Amino acid sequence: MEKRIVRILKGSAKGLTFREIFTGLGLSPRERRALQKTLRDLAGRGTVRKTGHRFALPPQDAVIEGRYSQAQGGFGFVAPSGGEARDIFIPASFTGGAMQGDIVRVTVRKRGREGKSEGRVTRIVKRGRETILGVYALRSGRPSLLPFEAAGGEGFPLKEAPGPSVREGMVVAAGRDSRRIEEVLGFPDDPGVDTETVVRRYGLARIFPPQVLAEAAAFPDGVSAEERESRADFRSWTTVTIDGETAQDFDDAVGVRPLGPGRTLLAVHIADVSSFVRPGSALDREAWERATSVYLPDLTLPMLPERLSNGLCSLRPREERKTVSVLMEVDDGGRVVGADFKPSVIRTAERLTYTSVFKMFNGDPGESRRYRDLLPDLAAMRTLAGAMRKRRLEEGSLDFDLPEPLLVYEQGRLSRIDAGRQNEAHRLIEDFMIAANEAVASFLEGRRIPSVHRIHPPPEESDLEKLRDVLLGLGIVLPAPRKIASRDLQRALDEAEGRPEERLVNREVLRALRLAVYADESRGHYGLAREAYTHFTSPIRRYPDLVVHRILKEVLAGRKPAKTDLAATALHSSLQERNAEAAEKDLVEWRIFRMLKSMVGDTVAAVVVEINKAGLVLAPDGYFVEGLLAFSDLGGDYYRLRSPGTLVGRRTGRTYRLGDRLEVVLAGVDPLLRRMTFVPADSGRRRRG
């Protein structure tokens with residue numbers, strides 16, 4: 001339908017109304033809703049523009065504003081300020097001096113790199129920061145700065161030589177206008193320099209203003225008798241938190257109660273942050289600005305001061321806490337058949353960990369004795385979560401089980417990287433939180449209450465076509481792109497499970513999907529196969545959840561929620577979320593590459609995960625980063641693509657495929673640029689399986 005809509009719009013310079021498109025396509029009344037959804041998706045991606053009641057194609061060259069994000073290759077992306085439109089790719093030669101976090105104006109070409117929107121930065125509207133971070137160097141005897149934003153060896157001369165304490169190779173900050181060194185952070189490998197560099201580069205807030213801390217300090221401990229009387233009292237219910245070993249801010253607690261044959265009451269209690277953080281307060285303004293907590297390897301930058309995030313709002317064991325409770329009636333098939341919502345007060349029985357609960361699920365005698373009073377409730381939760389997950393997957397929800405890097409230190413040095421995977425206890429909490437988020441979203445949408453939604457637009461047909469071609473080379477067959485549903489993608493993930501190509505398949509499916517974002521309109525969540533979805537369950541660390549709490553409580557009290565700029569909140573929160581994720585990933589990869597630098601010359605096993613113009617992109621086993629095996633290092637041959645995932649040497653016939661495992665030598669690593677290169681070991685022999 002998308003291609004037909006674009007085709008019909010090409011014939012109208014002024015655009016067409018919905019009725020004109022509907023009639024022009026010759027659709028039946030049953031297809032009216034599908035057309036509405038398709039037009040919303042096209043408008044969200046920027047493929048179609050809606051002005052008033054008319055839909056039209058955007059001009060070949062459009063001008064947009066958005067926030068610039070820098071990639072390690074020197075190129076970048078701009079997230080448009082208009083909402084859910086896809087990022088604009090900015091080639092390295094067209095960045096116009098923009099840096100991480102700048103608000104820029106971009107001239108956009110309709111089709112550029114790989115058929116996607118491509119642009120040129122024409123103006124920096126607002127700087128994200130006033131300094132440039134980089135490495136101090138001498139070029140032909142002249143003091144120079146090599147910015148982290150640069151693609152490689154590029155740099156610029158400084159206006160004056162620094163003092164003798166500044167040595168080559170140090171990380172420094174220079175003024176964007178003055179081009180003078182303003183601060184010296186130290187050598188890249190000095191303790192804490194990498195963290196401080198990432199914090200500054202991504203504009204992360206470390207310190208709370210005095211007024212914010214004063215507001216947080218002014219709240220009394222505990223729950224007053226007056227507040228207790230105005231809330232549902234669940235203190236006598238068996239309620240627990242289940243989190244990671246190092247977690248300190250406990251947003252959510254859960255409990256179950258039998259309701260009779262085939263029915264269970266699932267109670268999800270979420271910290272009532274909104275009772276502390278009032279609209280317009282200093283706390284609220286700071287929370288809005290941060291929008292999210294940031295979790296770096298050795299530093300947490302919370303959205304709220306510690307007095308609230310780790311104290312009054314955190315659902316600590318055996319302490320009274322104010323919450324907002326979602327009470328769901330669930331049948332034995334995992335379907336939520338009813339939901340109620342109440343401001344409440346709880347007292348959790350225990351602070352459990354994922355590891356401990358998983359051990360109990362597997363009959364660990366020590367943990368089972370320690371928490372014997374909780375075993376019946378945990379068993380009931382396990383059964384309930386299993387039924388809910390089974391139902392959700394049957395309905396088309398995607399289930400990625402990708403390991404995350406866990407950095408393990410010994411005597412202050414990174415000694416190894418473990419693969420952190422979710423266990424059944426993680427999935428239990430995930431299932432319960434998804435159900436609570438959906439219940440709140442459905443409740444508010446059913447009453448047409450404006451709110452902040454968590455949306456995940458469906459993939460573009462062109463991306464699904466590329467995915468289909470790649471997976472076909474791995475023996476996994478998908479339907480025609482326009483017919484691919486989330487169930488088909490899950491089937492591909494299931495088919496790859498346990499195979500050598502499992503990581504590659506997960507990677508490619510993820511690349512085909514679009515980012516989930518916040519929006520002031522509900523557009524469904526593709527990855528979870530949900531029509532209505534929001535974020536409600538983490539108000540200590542996510543600002544949109546706090547907004548949804550406020551709206552829900554107003555509705556429950558019979559009041560109309562105050563009007564606020566939900567679109568601005570949604571956009572800002574989406575951008576801050578992406579910025580935080582990029583910072584977390586950047587620091588983790590920096591440390592991994594630094595560890596790999598000590599392994600230069602070693603032979604490693606790696607998987608081919610991409611074939612691009614420069615060569616083979618390889619992922620060495622167990623390190624969660626990627627590097628390049630250049631065509632020039634493959635030996636005397638000319639290689640060409642036989643298919644999207646197959647490379648063949650014209651003279652030798654040597655073949656490389658996506659998913660191949662190679663023995664390669666780690667030839668070079670640059671931790672600052674997050675780059676590494678490989679050369680073949682024994683002519684790059686392959687190891688399948």
Side-chain angles (χ1 to χ4, degrees), residues 67-72 74-76 90 92 95-104 121 123-210 212 286 289-290 294 296-299 301 575-576 579-580 582-587 589-591 593-594 670-674:
R67 183 185 289 185
Y68 180 79
S69 296
Q70 180 76 36
Q72 290 298 334
F75 57 88
I90 311 295
T95 61
M99 296 171 57
Q100 180 75 30
D102 286 351
I103 303 299
V104 298
V121 174
R123 181 185 171 195
I124 298 173
V125 178
K126 182 182 178 182
R127 290 176 171 178
R129 64 177 192 268
E130 293 298 327
T131 58
I132 304 174
L133 287 168
V135 176
Y136 175 67
L138 291 173
R139 291 291 177 89
S140 301
R142 297 184 63 187
S144 303
L145 183 71
L146 309 180
F148 288 120
E149 271 77 8
E154 304 90 349
F156 58 81
L158 296 168
K159 287 189 175 179
E160 61 183 33
S165 62
V166 182
R167 289 179 283 169
E168 275 198 276
M170 282 185 163
V171 177
V172 299
R176 287 179 75 166
D177 293 327
S178 69
R179 300 297 170 99
R180 291 181 173 88
I181 292 178
E182 297 180 356
E183 192 173 0
V184 179
L185 277 65
F187 287 105
D189 291 345
D190 289 347
V193 170
D194 54 1
T195 299
E196 186 62 28
T197 300
V198 167
V199 167
R200 294 187 183 210
R201 185 177 178 200
Y202 290 90
L204 305 178
R206 296 192 73 153
I207 300 172
F208 287 97
V212 174
E286 183 70 13
E289 190 61 44
R290 296 183 180 220
V294 185
L296 301 175
D298 49 10
L299 176 68
L301 301 173
L575 293 175
Q576 290 296 84
N579 189 60
E584 293 164 9
K585 181 174 183 286
D586 196 5
L587 184 54
E589 289 190 350
W590 187 346
R591 295 188 175 183
F593 277 114
R594 190 161 59 203
D670 188 331
L672 291 179
L673 294 177
R674 323 292 191 267

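Start at 1 with the first residue, then count along the sequence. Note that the structure is a prediction, hence the values are computed from the model and not measured.
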field: Ion pair check, Glu589 and Arg674, cut-off under 4.0 Å
entry: no
Step by step, would you call Glu168 with Arg139 a salt bridge (charged side-chain N to carboxylate O under 4.0 Å, His left out)? CA-CA 10 Å; Glu168 275 198 276; Arg139 291 291 177 89; over 6 Å; no
- [ ] Please confirm whether the backbone N or O of Leu673 pairs with a side-chain atom of Asp670, one donor and one acceptor, at under 3.5 Å?
- [x] yes
Heavy atoms of Ala173 and Leu133 approach each other most closely as CB-CD2, 3.9 Å
Looking only at heavy atoms, the pair that brings Pro671 and Trp590 closest together is O-CD1, 3.8 Å
| Does Arg129 count as lying over the ring of Tyr202, i.e. NZ or CZ under 6.0 Å from the six-ring centre, within 45 degrees of the axis? | no
- Crowding at CZ, Arg167 (>12 non-hydrogen neighbours, <6.0 Å): no
So, Thr131 versus Arg201: side-chain donor-acceptor pair below 3.5 Å or not?
no
Distance col, row Phe156:CZ vs Ile132:CD1, nearest 0.5 angstrom, shows 3.5 Å
Q) Side chains of Gln576 and Arg67: is there a donor and an acceptor less than 3.5 Å apart? A) yes
- Given Leu185 and Met170, is the side-chain contact (heavy atoms from CB on, under 4.5 Å) satisfied, shown in steps? CA-CA 7 Å; Leu185 277 65; Met170 282 185 163; over 6 Å; no
Ile124 and Gly96 have their tightest heavy-atom pair at CD1-O, 3.9 Å
In Thr197, Val198, Val199, Leu299, the residue satisfying side chain to side chain contact (heavy atoms under 4.5 Å, CB included) with Leu587 is Val198
Pro188 and Leu672 have their tightest heavy-atom pair at CB-CD2, 3.9 Å
Scanning both residues in full, the closest heavy-atom pair of Pro147 with Gly155 reads CD-CA, 4.0 Å
request  = In sequence, state the C-alpha distance, the side-chain angles, and the governing distance for Glu196 and Arg206, and then conclude on side-chain contact (heavy atoms from CB on, under 4.5 Å).
outcome  = CA-CA 10 Å; Glu196 186 62 28; Arg206 296 192 73 153; 2.4 Å; yes
Problem - Side-chain (Ser140) to main-chain (Arg142) donor-acceptor, under 3.5 angstrom - result: no
Q | Pair Phe148-Met99, side-chain contact (heavy atoms from CB on, under 4.5 Å): steps then yes or no | A | CA-CA 10 Å; Phe148 288 120; Met99 296 171 57; over 6 Å; no
Which of Arg127, Arg123, Arg176 passes salt bridge (Lys or Arg N to Asp or Glu O under 4.0 Å) with Asp102? Answer is Arg176
With side-chain contact (heavy atoms from CB on, under 4.5 Å) as the criterion, how do Arg591 and Thr195 come out once you've worked through the C-alpha distance, each side chain's angles and the decisive distance to 0.1 Å? CA-CA 10 Å; Arg591 295 188 175 183; Thr195 299; 3.0 Å; yes
Here the pair of heavy atoms bringing Leu145 nearest to Ala174 is CD2-CB, 3.9 Å
When rounded to the nearest 0.5 Å, the distance separating CG of Asp189 from CG of Asp194 is 8.5 Å
